[in-house]
2 protein chains.
Amino acid sequence: MFEVIGERINTSRKFVQAAVAERNSDYIIDDVKKQQEAGADFIDVNAGARIGHETEDMKWLLDTIQPIATIPLTLDSPDPAVLEMAFKRVKTTPMINSISLEKERFNAMMPFLEGKECKVIALCMDDAGMPASSDDILGRAKNLVKELNRIGIPTASIYVDPLVQPISVESTKGIMVLNAIRAIKTEFPEVHITGGLSNISYGLPQRKIINRTFVSLMMAAGMDSAIIDPLDSKIMGAIRTADMLLGNDDYCMNYLKGVRSGAIES
Amino acid sequence: MFEVIGERINTSRKFVQAAVAERNSDYIIDDVKKQQEAGADFIDVNAGARIGHETEDMKWLLDTIQPIATIPLTLDSPDPAVLEMAFKRVKTTPMINSISLEKERFNAMMPFLEGKECKVIALCMDDAGMPASSDDILGRAKNLVKELNRIGIPTASIYVDPLVQPISVESTKGIMVLNAIRAIKTEFPEVHITGGLSNISYGLPQRKIINRTFVSLMMAAGMDSAIIDPLDSKIMGAIRTADMLLGNDDYCMNYLKGVRSGAIES
């Protein structure tokens, strides 16, 4: 089954930032409930945008969301101290967003993750920057899996993000990621592949059709999770449809459910 | 480059049948021009629906279309006598639609095709019916390529149709065709893969999103042609977008052209 990580609770989004600043819990609760109803499998919580307030904002968000959450949370911060506090407050095994191979981030995250029971998003980013080829992405994924296995995180708990780059920059950027996903899944059948989608369409018009088409291509290559807005019914419809076409929807049950609820339209 | 075979000139379509019955050449000319403007690479011409009139209807259609056609025609009939007449009337190397492994059709088509310079659609159908597995599709494709090569049709002129079947019947019907396409392209890198799409969604609601999503999955597997309605801007948009994402559109030129002409919408 494809897993949707709902990206909406992020203080870089204007209305969320205002709700957090005003401690408007109704707004947050309503948004989380909507994401859950739309089929999210995780709720990402990011409180990084109000500089100097991340710890208290994250704390308040978790205390607000925890009582009504029916699905696990994705704790989204580069700061291990914030994550340590957050980890203690959640009641279900969380997902951590994220570790990368950038030295500073890597060195800060590894001691935090060691011995913890959690899922973790592993970005194929290092100090040289974005990956330059399919092989480069695969090499970084191998490093991340090896290091995380070493500190006790099993491969099946790792969500590799191959880092989608804009196709407007170079026409091979799509196929590069698709080939990398296939190679990573061949090397590690148990690993998950996740990521945001919208970078692919950066700089081009009519971005949504690009994002929607690309998610189905990534799913065909082996991507089984994405960080998206679950209230974007067009992208959710594309995901459910592709999931069905790839053989993951017996008797088309999820597809038909999506159509009946109005979430899938032609 | 992906090739679009425009399916509209078919007497099984109500308005086309009426236009043919009334010898309304304006209607036919207008429709063909629209298909060409929308980016069709071939115009399929099928005059089979008015029983007893196929030869004269095909003749009239070709005489009507030929003067304004800027692209080759796909001559669509199961009758070699009709095809023989049609073949002599066209001015550009045509595509023949179609041969299959069904004995009667196979035996009728082989003498017609022998020694002719043409492209040919080869259906993975035999007297046992529709194929039952990816291996079955691959086996039929191998037979078709071998037999067509033997009578002088080069692999690069063959358009294999793996025969898309409804996913409502069995949840593996999508992945079966995707795996078969990949296997056929591995065996014969030069062969083309084509076909209709709409069978995939037979029996399900909101069929267009299924057809659209499936065409991009088939393109990722190696399909490089389809028999569709070029005036269906949503499916044409999906094809142009997938083509770009698969690395076949330098500088996103075709995609941007499609957006500017209004043919691609989010």
Side-chain angles (χ1 to χ4, degrees), chain A residues 164 166-179 182 197 200-201 203-221 232-235 237-256 258-260 262-266, chain B residues 164 166-179 182 197 200-201 203-221 232-235 237-256 258-260 262-266:
Chain A
V164 170
I167 193 136
S168 56
V169 169
E170 168 74 62
S171 65
T172 55
K173 289 297 187 193
I175 206 80
M176 178 177 100
V177 165
L178 298 174
N179 289 340
R182 210 165 272 125
L197 309 170
I200 190 70
S201 59
L204 290 173
Q206 304 291 3
R207 294 183 63 176
K208 287 189 173 191
I209 190 177
I210 303 178
N211 301 347
R212 232 158 48 223
T213 306
F214 199 53
V215 76
S216 56
L217 298 182
M218 288 202 289
M219 290 170 70
D232 178 342
S233 67
K234 289 206 165 176
I235 204 141
I239 288 172
R240 282 194 206 196
T241 304
D243 219 28
M244 172 179 75
L245 292 169
L246 293 167
N248 304 321
D249 185 6
D250 285 346
Y251 308 106
C252 311
M253 296 282 275
N254 287 328
Y255 176 83
L256 291 169
V259 172
R260 275 193 301 269
I264 297 177
E265 284 170 41
S266 263
Chain B
V164 169
I167 193 136
S168 57
V169 169
E170 167 75 62
S171 65
T172 53
K173 289 297 187 195
I175 206 81
M176 178 178 99
V177 164
L178 298 175
N179 289 341
R182 210 166 272 121
L197 310 168
I200 190 71
S201 61
L204 290 172
Q206 304 290 1
R207 295 183 64 177
K208 286 189 172 190
I209 189 176
I210 303 178
N211 301 347
R212 229 158 52 222
T213 306
F214 199 53
V215 75
S216 56
L217 298 182
M218 288 202 287
M219 289 170 71
D232 179 341
S233 67
K234 288 205 168 178
I235 205 141
I239 287 172
R240 282 194 206 196
T241 305
D243 218 30
M244 172 180 75
L245 291 169
L246 292 167
N248 305 322
D249 185 6
D250 285 346
Y251 308 106
C252 310
M253 296 281 275
N254 287 327
Y255 176 82
L256 291 169
V259 171
R260 273 193 301 267
I264 297 177
E265 284 171 40
S266 262

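To find a chain, count down the sequence lines: A is the first, B the second, and so on, and within it residues start at 1. Here the structure is a predicted model, which is why all the values come from computation and not from measurement.
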4.5 Å side-chain heavy-atom contact, Tyr255(B) and Ile210(A) | yes
Does NZ in Lys208(A) sit with more than 12 non-hydrogen atoms of other residues, nucleotides or ligands closer than 6.0 Å?
-> no
Measure distances from Arg260(A) to the heavy atoms of chain B and classify the residue's part below 4.5 Å as side chain, backbone, both or neither.
-> neither
Taking every heavy-atom pair that is under 4.5 Å apart, which of Asn248(A), Leu245(A), Val259(A), Thr213(A) has the most such pairs with chain B?
-> Leu245(A)
Between Arg212(B), Met219(B), Arg207(B), which has the largest tally of heavy atom pairs under 4.5 Å with chain A?
-> Arg212(B)
In terms of heavy-atom pairs under 4.5 Å, which option from Ser168(B), Ser171(B), Ala242(B) contacts chain A the most?
-> Ser171(B)
Atom pair OG1/CG of Thr241(A) and Leu217(B) - distance to nearest 0.5 Å | 10.0 Å
For Leu246(B), is it the side chain, the backbone, both or neither that has a heavy atom under 4.5 Å from a heavy atom of chain A?
-> both
Any Leu204(B) side-chain heavy atom under 4.5 Å of Met244(A) side chain | yes
Is there side-chain contact between Asp249(A) and Ile167(B), with heavy atoms separated by less than 4.5 Å?
-> no
Given Ser216(B), Gly174(B), Ala221(B), the one with more heavy-atom pairs under 4.5 angstrom with chain A than any other is Ser216(B)
Could you check which of Gly237(B), Ala238(B), Ala220(B), Pro205(B) has the highest count of heavy-atom pairs closer than 4.5 Å to chain A?
-> Pro205(B)
Segment of Lys234(A) engaging chain B (4.5 angstrom heavy-atom cut-off) = side chain
